[in-house]
Peer 1: 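Starting off with a structure, shown below.
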Amino acid sequence: MSASILPKTFPSLARLASSSAGGKHKVVVIGGGAGGLAAANQIYNAFKAQGNTLADGDVAIVDANQNHDYQPGWTIVGSGLAAKESYRRPLASLISPNFAHIPQNASGFEPGANQVVLADGSKLNYDYLVVAAGIQINFDKIKGLSGALADPSKSKISSIYTYETADKAWDLVQNFKGDGEAIFTQPFGVVKCAGAPQKMAYMSDSYWKSANVPVHSTFVTGMPSMFAVPHYSKALDAIRQKKGIDAEFNTNLVEVRPDDKVAVFEVLAGDNKGKKIEKEYGILHAVPPMGPLDWIKKSPLADSVGWVDVDQGTLQHKKYENVFSLGDSSSLPTSKTAAAITGQTPVLTHNLVTLMETGKVGNAIYDGYTSCPLFTGRGELLLAEFKYGAQRKETFGRFIDQSVPNRLFYHLTKDVMPKAYFSRMLKGNWYGPRTVFPPQFLPS
Ligand code: UQ1
C-alpha cells in the first residue's frame with residue numbers, strides 16, 4: 001500500500017496510513033538517528049530541488065525509539081555542563097510529516113526480495129534501502145558491569161555511553177573526594193566517538209583541580225595509543241602527561257567487582273599478554289566494547305565482521321545495488337561520529353538519487369572525513385579532523401595548530417554544534433565544514 005494516493009493536504013493522514021507495516025515505499029530508511037534523519041531529508045530535498053517532489057510516504061523511517069538523543073552531547077552531560085534532557089527530543093517530532101514513520105524496529109533483511117523484516121514479523125517492501133541502524137553496546141562482555149551501572153551510588157561506576165547513566169557519571173565526579181584512584185577505561189576495538197573515553201578523564205581532572213580535590217587518575221585503554229591518528233596521538237599523550245594522568249595501553253577492562261571496588265583487566269600485548277591485573281578504584285568510568293547489531297550481523301547485508309558491507313567511496317552496498325549505508329552500522333573504515341555523517345550524507349544522497357533517476361549510481365566519493373572534538377579541560381578543546389588513511393583534513397589548520405587545545409573550539413563544540421545539529425543537520429541542511437566555509441577555502 002502506498003500513501004502517495006492520499007491528498008497532499010493531509011500529511012498527518014498520510015502518515016497514519018503509511019505507518020502500518022506491510023507497505024511499500026520508494027526509499028526505506030532503517031534508523032531515525034543522526035544518519036537516518038539527515039539522509040532521509042537530503043534525499044527528499046534533492047528531489048524537491050529538481051521539481052520532482054517525492055510523494056508523502058514515499059520515504060519511510062523505521063525506528064521504534066520514542067526519543068532521539070544528541071549523543072555527542074553526552075560527554076558534555078558527564079562533565080556537568082548540560083542537562084541530558086536538553087539533548088533529547090521525541091523522535092516523532094523530528095520526522096518530517098512528508099515521511100512515513102514505522103514505529104517498530106527492523107529485525108532482518110531479505111535483499112533478494114527487496115524486503116525488510118520488522119520486529120512483529122511483518123515485511124516492508126522497498127525500491128531503495130538506506131541502513132543507518134547504529135551500533136550495539138556489548139555491556140555483557142564486561143562481567144558485572146550491567147549490575148554496577150544500575151546502582152552507581154554504591155558501585156561508583158558509570159558511563160556516558162547511555163542516556164540513563166550519562167548524568168550519573170557527573171554525579172560521581174562531583175561527589176568524589178579523592179578516596180582511591182579515578183580510573184577511566186577504553187575498550188579494545190571500535191567504539192563510537194573513540195575520543196570520548198579520554199575526554200571524560202580530562203574533564204573530570206579539570207573539575208577536581210578547579211575544586212581543589214586531590215585525585216589521581218589513570219586512563220586504562222585496550223588500544224596501543226591515545227588516538228588512531230599519530231599526529232593527534234602524540235599531542236594528546238603530552239597533554240595527558242602534563243595533567244599528571246597516568247596511562248596504561250593494551251589493557252582491557254574485563255570485569256568489575258563493585259563490592260570490593262576492584263576492576264579486572266586483561267593485558268592484550270607484550271610480555272604479559274593474557275595476564276589478568278586487578279586494580280582497586282575509588283571511581284570508575286567504564287566504556288563497554290561495541291560492535292555490529294546482532295540482527296545485522298546475521299543478515300545477507302553484513303561483511304565478515306557484521307557491518308553493512310558498502311563501498312568506502314560510494315556508500316553503495318557491494319552486492320545489492322539498491323542498498324546504501326552510512327553511520328555507525330556501515331563498514332566505512334573511519335571513526336564513528338556525527339561529523340563523519342556530515343561528510344557521508346551528501347555522497348550517499350547524490351549517488352542514490354542519481355541511481356533512482358538514471359539507473360546508474362552517481363559518482364560522488366566519500367574521503368573518510370570525520371572529526372573528533374576532544375575536550376581537554378574546561379574551556380579547552382583539541383579539534384581532530386581527519387580522513388581515510390589517518391590523514392589530517394583540518395578546517396582551520398592553515399590558520400592555527402589544531403592539535404593545540406583552544407577556547408574557540410571549546411565553544412564551537414559545546415554551544416554551536418548542538419544547535420547546528422537540531423536546526424540544520426537533522427533536516428538535511430548541514431554539510432559540516434562545508435556549511436561554514438565554501439569548498440575553495442577547504443583542504444582537499
Ligand atoms: C560537524 O559538522 C558536526 O555536526 C553537527 C559536529 O557535531 C558533533 C562536530 O563535532 C564537528 C566538528 C563538525 C564539523 C564542522 C566544522 C565546522 C569543523
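Counting starts at 1 for both ligands and their atoms, in listed order. Just so you know, these numbers use all the heavy atoms, side chains as well, and skip hydrogens, waters and symmetry mates. Owing to the predicted nature of the structure, the values given are computational and were not obtained by experimental measurement.
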Peer 1: Once the angle between the rings of Phe409 and Phe396 is folded into 0 to 90°, is it parallel (under 30°), tilted (30 to 60°) or perpendicular (over 60°)?
Peer 2: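 Judged by the thresholds at 30° and 60°, the geometry between Phe409 and Phe396 is tilted.
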Peer 1: Yes or no: does Phe409 have any heavy atom under 4.0 Å from an atom of ligand 1?
Peer 2: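 Not so, Phe409 does not reach ligand 1.
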Peer 1: Short list, please: which atoms of ligand 1 are under 4.0 Å from a heavy atom of Gly432?
Peer 2: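 In order of numbering, the contacting atoms are 2 (O), 15 (C).
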Peer 1: Are any of the side-chain nitrogens in Arg88 or Asp69 under 4.0 Å away from the carboxylate oxygens of its partner?
Peer 2: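 Looking at Asp69 together with Arg88, the answer is yes, because their closest N to O distance falls below 4.0 Å.
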Peer 1: With backbone taken as N, CA, C and O and side chain as the heavy atoms from C-beta onward, which portion of Tyr431 lies under 4.0 Å from ligand 1: side chain, backbone, both, or neither?
Peer 2: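 Under 4.0 Å from ligand 1, Tyr431 contributes no heavy atoms.
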Peer 1: What residue pairs, at least two apart or across chains, pass salt bridge (Lys or Arg N to Asp or Glu O under 4.0 Å) with a residue in residues 186-200?
Peer 2: none
Peer 1: Looking only at non-hydrogen atoms, which of Met417, Gln402, Arg434 approaches atom 16 (C) of ligand 1 most closely?
Peer 2: Met417
Peer 1: May I ask whether Pro373 has any heavy atom positioned less than 4.0 angstrom from an atom of ligand 1?
Peer 2: yes
Peer 1: Can you tell me if Thr342 contacts ligand 1 (heavy atom of the residue under 4.0 Å from the ligand)?
Peer 2: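 The answer is yes, since Thr342 has a heavy atom less than 4.0 Å from ligand 1.
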Peer 1: Are any of the heavy atoms in Glu385 under 4.0 Å away from ligand 1?
Peer 2: yes
Peer 1: What do you reckon, does Phe422 put a non-hydrogen atom under 4.0 Å from ligand 1?
Peer 2: no
Peer 1: Output yes when the distance from some N or O of ligand 1 to some N or O of Ser371 is under 3.5 Å, and no in every other case.
Peer 2: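 N/O-N/O distance below 3.5 Å does not exist for this pair.
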Peer 1: Could you name the option among Tyr70, Tyr421, Tyr369, Trp430 that has the heavy atom nearest to atom 7 (O) of ligand 1?
Peer 2: Tyr70
Peer 1: Check Asp167 with Lys84, please: is the shortest side-chain N to carboxylate O separation under 4.0 Å?
Peer 2: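 Judged by the 4.0 Å cut-off on N to carboxylate O distance, Lys84 and Asp167 do form a salt bridge.
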Peer 1: Please work out which of the three classes, parallel, tilted or perpendicular, describes the rings of Phe422 and Tyr70, given edges at 30° and 60°.
Peer 2: tilted
Peer 1: For the pair Lys318 and Asp309, find out whether any cationic side-chain nitrogen is under 4.0 Å from an anionic carboxylate oxygen.
Peer 2: yes
Peer 1: Does Asp171 come within less than 4.0 Å of Lys168, counting only side-chain N to carboxylate O?
Peer 2: no
